[in-house]
Amino acid sequence: MTPSTIAIDGPAASGKSTIGFYLAQHLNYLYLDTGVLYRAATWAVQDRRIDVGDEAAVTSLVEDLVFDVVPPTVDDGRQCTVRVNGVDVSWEIRSPRVESAVSPVSAYPGVRASLTERMRTIARNGHVVMVGRDIGTVVIPDADLKLYVTASAEARASRRLLELQAKGKTLTYEQVLAGIRERDHIDSHRKAAPLRPADDAILFDTTTLSMEAMFSAVETLVAGCRTGNLHKERTYGTV
Ligand code: DC
């Protein structure tokens, strides 16, 4: 059977969103990059001038926020349109300012509980590819297919730098690498739902794996689900 719920986890800039988006289009499924919810929540915290260190205030704000994640409403290269209480923040959530505060905000258990509940509501309808840090371990542990996508911090920093440069940002490679390492550390050491592969996830290392090789491996996997031959190969790419 074709997997109906697909969970993809991994660190920043590992290629997980690229795989997820591709797979969702290939299967005609809903695509949800759950990082956008944590980013949008962080944007709202900053917009309201709430101290990021004030766990109670941050949590109570996030519990009351209304999020919309819908297909692009503007043709400006965005993967989706993200709104918080009706305000389009699709580009603001990618700013270095949001990026610098999103890991601490997403470490708060109350914030996670609120956003996890919303993700589960979406997952309940099936036909979804959900991408994040804890999708296979916490959000939908019974997902039909789980992938864990990783790459070296250096490879991820190089990719992120190219993306930022394309947007006219002037950060150095060292700054981007330091930011990635810091987020990796917070995301994988936090108490609530730390970043880690689910025991039954299939691992991809995209350090040297080309996009084409990755797409073809994922297609083979999905076809394997249909024929019941899924777990012959557990690891793709260089580990
Ligand atoms: O994937 P991203 O870089 O857009 O994610 C932004 C932040 O959100 C990241 O630092 C960790 C957090 N996040 C999370 O904790 N759990 C998820 N399911 C998705 C993202």
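Order of listing sets the numbers, starting from 1, for every ligand and every atom in it. These numbers were taken from a predicted model, which means no experiment stands behind them.
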Among protein heavy atoms, which lies nearest atom 7 (C) of ligand 1, and at what distance?
-> Val102 CG2, 3.6 Å
Identify the closest protein heavy atom to atom 12 (C) of ligand 1: which residue and atom is it, and at what distance?
-> Ser106 OG, 3.6 Å
Side-chain donor or acceptor of Arg156 paired with backbone N/O of Ala12 under 3.5 Å | yes
Part of Glu99 within contact of ligand 1 (heavy atoms, under 4.0 Å) | neither
Donor-acceptor contact below 3.5 Å, side chain Asp54 vs main chain Ala57 = yes
Where is the nearest protein heavy atom to atom 1 (O) of ligand 1: which residue, which atom, and how far?
-> Arg133 NH1, 2.8 Å
When you look at CD of Gln175, are more than 12 heavy atoms from neighbouring residues, nucleotides or ligands closer to it than 6.0 Å?
-> yes
Please indicate whether Asp51 has more than 12 foreign heavy atoms, meaning atoms of other residues, nucleotides or ligands, lying under 6.0 Å from its CG.
-> yes
Can you sort out which atoms of ligand 1 are near Ser103, meaning under 4.0 Å from one of its heavy atoms?
-> 10 (O)
Starting from atom 18 (N) of ligand 1, which protein heavy atom do you reach first, and at what distance in Å?
-> Asp134 OD1, 2.9 Å
Just wondering, are more than 12 heavy atoms of other shown residues or ligands nearer than 6.0 Å to NZ in Lys191?
-> no
Close-contact set for ligand 1 against Asp187 heavy atoms, below 4.0 Å | 9 (C), 10 (O), 11 (C)
Just do the salt bridge (charged side-chain N to carboxylate O under 4.0 Å, His left out) check on Arg159 and Glu154 with the steps written out, would you?
-> CA-CA 9 Å; Arg159 277 178 214 155; Glu154 291 76 12; over 6 Å; no
Strictly under 4.0 Å, does any heavy atom of Lys16 approach an atom of ligand 1?
-> yes
Atom 16 (N) of ligand 1: which protein heavy atom is closest, and how many Å away?
-> Arg112 NH2, 3.0 Å
Distance-only, no hydrogens or angles: does the Ser152 side chain make a donor-acceptor pair with backbone N or O of Thr207 under 3.5 Å?
-> no
Do ligand 1 and Asp33 have nitrogen or oxygen atoms that lie under 3.5 Å from each other?
-> no
For atom 8 (O) of ligand 1, grab the closest protein heavy atom and report residue, atom and distance to one decimal in Å.
-> Tyr38 CB, 3.5 Å
Does any N or O in the side chain of Asp144 come within less than 3.5 Å of the main-chain N or O of Thr5, such that one atom is a donor and the other an acceptor?
-> yes
Of all the non-hydrogen atoms in the protein, which one sits nearest to atom 6 (C) of ligand 1, and at what distance?
-> Arg183 NH1, 3.6 Å
Who's the nearest protein heavy-atom neighbour of atom 19 (C) of ligand 1, and how far?
-> Thr34 OG1, 3.4 Å
Between Arg183 and Ser103, is any side-chain donor less than 3.5 angstrom from a side-chain acceptor?
-> no
Is the closest N or O pair between Arg39 and ligand 1 shorter than 3.5 Å?
-> yes
